[in-house]
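The structure under discussion appears below in the form of structure tokens.
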Amino acid sequence: MENYNYPPLQPQYPQPQPTSVLGIISLVFAIVALVVSFIPCFGYFAIFIALIPIISSIIVLVQAKRTREPKGLAIAGLAIGGVALMIGLFWGSLLGGIGSQIQNDIRINQDRYGINDSLEEPYYYEEDESNGENVEIFTEESDQGEVKTGE
């Protein structure tokens, strides 16, 4: 038997898989949307920011299915963007409900106290029969009473 010297085997390192730029963008916008969603009274803006990672993550997942690219960043961006979207929807419904309740309370109090908050002007014009000029007549109580204008 002969002694053969085999060359030493070189270690085989796994090839790094390429990461998707759109997946990174998705994850970054998802994190930004999540941070914005926790800010009181501005959390509903996260709805619009969260749509970016959700749409881009779906695009990355569809591309990754065809090209066998890694899907981790896209899945993380989709999950975090979805959470940010839910928190933003919570803020939107909360603030919308509060605004609606405030409007209701204002209408109830206006009816209760007889407040007429219309945009109509509190006066109208009539023609003075004695000299033919327009006279401004106030419909609300005021210190001015009738005021003649020189029209």
Quiz item: Taking atom CE of Met86 and atom CD1 of Ile47, what is their separation to the nearest 0.5 Å?
Solution: 10.0 Å
Quiz item: When you measure from the side chain of Ser93 to the backbone N and O of Leu89, does any donor-acceptor pair fall under 3.5 Å?
Solution: yes
Exercise. Would you mind telling me which of Val35, Leu34, Val36 makes a side chain to side chain contact (heavy atoms under 4.5 Å, CB included) with Phe38?
Key: Leu34
Quiz item: Which pair of heavy atoms, one from Ile49 and one from Ala33, lies closest together, and at what distance?
Solution: CG2-CB, 3.6 Å
Quiz item: If you measure from OG on Ser37 to CD1 on Ile87, what distance do you get to the nearest 0.5 Å?
Solution: 4.0 Å
Quiz prompt | Interatomic distance, Leu94 atom CG to Ile98 atom CD1 [nearest 0.5 angstrom] | solution = 4.0 Å
Practice problem: Working to the nearest 0.5 Å, report the span between CD of Gln101 and CD1 of Ile106. | Solution: 10.5 Å
Exercise. Determine whether Leu95 and Phe90 fall in the same hydrophobic cluster, where Ile, Leu, Val, Met, Phe, Trp and Tyr are linked whenever their side-chain heavy atoms lie under 4.5 Å apart.
Key: yes
Quiz item: Minimum heavy-atom separation for Ser57 to Ala74, with atom names?
Solution: OG-O, 3.1 Å
Exercise. Answer yes if Leu78 and Ile59 sit in the same cluster of Ile, Leu, Val, Met, Phe, Trp and Tyr residues linked by side chain heavy atoms under 4.5 Å apart, and no otherwise.
Key: no
Quiz item: Taking C-beta and beyond as the side chain, do Val60 and Leu73 meet within less than 4.5 Å on heavy atoms?
Solution: no
Quiz item: Looking only at heavy atoms, which two atoms of Gly81 and Ala30 are closest? And how far apart?
Solution: N-CB, 3.7 Å
Quiz item: Hey, what's the ring geometry for Phe45 with Phe48, parallel, tilted or perpendicular (30° and 60° as the breaks)?
Solution: tilted
Practice problem: I would like to know whether Lys65 and Val62 meet side-chain contact (heavy atoms from CB on, under 4.5 Å); could you show each step before the answer? | Solution: CA-CA 5 Å; Lys65 187 182 257 187; Val62 168; 5.9 Å; no
Quiz item: Under a 4.5 Å side-chain heavy-atom rule over Ile, Leu, Val, Met, Phe, Trp and Tyr, are Leu61 and Leu22 clustered together?
Solution: no
Quiz item: If you take all heavy atoms of Trp91 and Tyr44, which pair is closest and at what distance?
Solution: CB-N, 3.8 Å
Self-check item: Value rounded to 0.5 Å, distance of OG in Ser20 from CG in Leu27
Solution: 11.5 Å
Quiz item: With hydrophobic residues grouped by side-chain heavy-atom distances under 4.5 Å, do Ile55 and Leu85 end up in a single group?
Solution: no
